[in-house]
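Please read the structure below before turning to the comments.
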Amino acid sequence: MRYSRDMRGYGEKTPDPQWPGGAKIAVQIVMNYEEGGENSIEHGDAASEAFLSEIIGAQPWPGQRHWNMESIYDYGARAGFWRLHRMLKDLPITVYGVATALERAPEQVAAMQEAGWEIATHGLKWIDYRDVPREVEARHIAEAIRLHEAVTGERPHGFYQGRTSMNTVALGCEEGGFAYLADTIADDLPYWHVHEGKPQLMVPYTMDANDMRFSSGQGFGTGVEFFDYLRDSFDLLYAEGQAGAPKMMSIGLHCRLAGRPGRAMAIQRFLDHARAHEGVWFASRLDIARHWAKVHPFRPQELQPSRMERDDFVTRFGGIYEHSPWIAERVWDGEMGAVHDSAAGLAARMAQVFRSASDQERLDVLIAHPDLAGKLAQAKRLTADSTAEQASAGLDSLTDQERADFTRLNDDYTAKHGFPFIIAVRDHDKAGIHDAMRRRVANDTRTERSEAEKQVMRIAELRLKEAMK
């Protein structure tokens with residue numbers, strides 16, 4: 001099975017985004033403009049809206065309009081938008097604009113454009129695409145782009161569906177005209193997603209630093225809570241930036257939610273807090289996407305074990321465990337994904353297969369290992385990996401006395417424990433290996449069996465690091 005999700009990402013060390021001016025953080029504010037694009041009988045939908053409103057737990061009204069729900073959305077267009085506009089008009093923010101909502105908002109669109117805001121597409125309608133057929137969603141995306149361009153005069157460069165299906169990102173990639181997609185919450189930095197062999201930049205969004213949590217049972221109750229959360233998020237990310245690992249901070253706002261007076265103050269307080277720091281880059285999502293594409297252009301990963309054919313995989317990695325290709329075979333036959341495309345990830349999966357093997361299979365792996373500085377080494381009959389490893393510790397250039405000592409210790413160890421002495425020689429020098437042999441030969445076999453298996457897995461880890469450089 002090939003696992004589609006990438007649970008690895010950038011790993012422990014994130015890339016330096018090199019934000020303009022050496023900024024420690026990129027702050028990206030999104031205004032979701034959905035008012036007039038929500039579910040409504042008057043919009044040709046089957047029921048009223050029930051999502052992201054003041055009515056927590058609201059249910060759709062099939063075949064009926066919902067006056068309170070509609071007027072909540074109306075507030076966002078009539079009052080909330082303008083309050084947020086006054087606060088944000090001097091900043092380069094991004095609008096997620098539902099196409100049919102933008103069509104019903106000529107004055108608001110003009111204000112967005114006058115402020116120089118990026119207007120990305122938020123889809124055709126503010127509906128849930130979970131059960132919408134793929135071909136229907138594709139038509140909606142195409143119509144959203146057409147309508148967006150007709151209303152704003154420009155094709156959208158970014159796409160955020162929001163209430164996605166499992167087809168949404170693939171459809172966005174296949175459309176082919178977006179500088180970025182935002183339907184991901186998977187990271188604090190942009191990243192490249194590959195769909196059918198083609199790269200697509202993803203600029204992650206947020207559902208935590210988002211006023212939508214005012215409309216849920218578990219979320220923000222007051223503007224103070226919202227501000228506290230935004231401030232703490234900023235402070236931690238800013239500190240990470242100062243420590244050499246800058247990130248981006250996304251903030252999600254909705255006109256009908258954050259546009260209310262008691263919540264809008266949280267936005268103003270946050271802006272004051274962020275502006276009091278040096279090295280803060282306020283940017284639109286398109287600014288970030290273009291910067292990332294320039295500084296970190298897509299570069300295909302040369303070696304991706306999870307995408308290799310079985311025979312190629314076994315040929316390349318079958319010798320990682322000495323003369324035991326069955327470990328590589330079982331790894332390939334199991335679940336593999338992006339987490340196994342690094343040396344550490346593949347080593348962990350191979351170790352898991354080794355630990356899960358039968359007692360006899362594990363013992364056979366130990367027995368397959370050659371003696372250190374033994375007769376096979378003298379006869380140049382070691383595997384390439386073993387030859388390089390023994391040479392790295394100087395075991396290929398022993399004095400006669402040293403060779404005699406190693407031979408005696410090897411013989412004593414094997415006679416007592418039933419398998420050769422095994423140690424990850426790249427972790428030691430010749431003297432350290434010799435000392436370990438003298439010390440470990442006295443251990444009981446159970447202890448040595450456990451230690452030998454640990455060393456086998458360590459050897460595999462080191463070999464993979466070399467193989468995947």
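Source: prediction; values computed, not measured.
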Between Arg146 and Glu149, does at least one N-O distance fall below 4.0 Å, as a salt bridge requires? no
Heavy atoms of other groups near Glu107 CD, more than 12 under 6.0 Å: no
Cation-pi, Trp117 ring and Arg285 (6.0 angstrom, 45 degrees): no
Closest non-hydrogen atoms of Asp183 and Met202, given as atom of the first, atom of the second and distance, are O-CE, 4.2 Å
Between Leu201 and Ala179, which heavy-atom pair has the shortest distance, and what is it? CB-O, 3.6 Å
Under the 3.5 angstrom rule, does the side chain of His148 hit a backbone N or O of Ile119 as a donor-acceptor pair? yes
Which heavy atom of Val314 sits nearest a heavy atom of Pro325, and at what distance? CG1-CB, 4.3 Å
Looking only at side-chain N and O atoms, does Thr315 offer a donor or acceptor that is under 3.5 Å from a partner on Asp312? no
Side chain to side chain donor-acceptor pair (under 3.5 Å) partner of Thr168, the single match among Arg130, Gln161, Glu137: Glu137
Parallel, tilted or perpendicular: rings of Tyr321 and Phe354 (30°, 60°): tilted
Apply salt bridge (Lys or Arg N to Asp or Glu O under 4.0 Å) to Lys24 and list each qualifying residue two or more places apart in sequence or on a separate chain. none
In terms of relative ring orientation, are His195 and His193 parallel, tilted or perpendicular, with 30° and 60° separating the classes? parallel
How close do Asp341 and Gln304 get, heavy atom to heavy atom, and via which atoms? OD1-C, 3.4 Å
Under 3.5 Å, is there a donor-acceptor pair between the Gln455 and Arg458 side chains? no
Ignoring hydrogens and angles, write down the donor-acceptor pairs under 3.5 Å from the side chains of residues 269-279, residues two or more places apart or on other chains.
unit_1: Asp272; atom_1: OD1; unit_2: Gln268; atom_2: NE2; d: 3.2
unit_1: His273; atom_1: NE2; unit_2: Asp235; atom_2: OD1; d: 2.7
unit_1: His277; atom_1: ND1; unit_2: His273; atom_2: O; d: 2.8

For Ser250 and Ala209, which heavy atoms make the closest approach, and how far apart are they? O-CB, 3.5 Å
Check ring pair (Phe, Tyr, Trp, His ring centres under 6.0 Å) between His43 and all other residues, then give those that pass, not counting sequence neighbours. none
Side chain to side chain contact (heavy atoms under 4.5 Å, CB included) against Ala120, all qualifying residues, sequence neighbours excluded: Thr94, Tyr96, Glu118, Tyr180
Under the rule for ring pair (Phe, Tyr, Trp, His ring centres under 6.0 Å), what residues qualify as partners of Phe159, not counting sequence neighbours? Phe178
Atom CZ of residue position Arg330 - does it have more than 12 heavy atoms of other residues, nucleotides or ligands inside 6.0 Å? yes
If you compare all heavy atoms of Glu335 against all heavy atoms of His340, which two are closest, and at what distance to 0.1 Å? O-CE1, 3.5 Å
Distance to the ring centre below 6.0 angstrom and angle to the axis at most 45 degrees; does that hold for Arg263 and Phe226? no
Which donor-acceptor pairs under 3.5 Å do side chains of residues 78-91 form with protein atoms, sequence neighbours excluded?
unit_1: Arg83; atom_1: NH1; unit_2: Tyr75; atom_2: OH; d: 3.0
unit_1: Arg83; atom_1: NH1; unit_2: Gly259; atom_2: O; d: 2.6

Decide whether a cation-pi geometry holds between Arg256 and Tyr73; the criteria are a distance under 6.0 Å from NZ or CZ to the six-membered ring centre and an angle within 45° of the ring axis. yes
Please determine, by modelled atom types, if Tyr3 and Arg5 share a side-chain donor-acceptor pair under 3.5 angstrom. yes
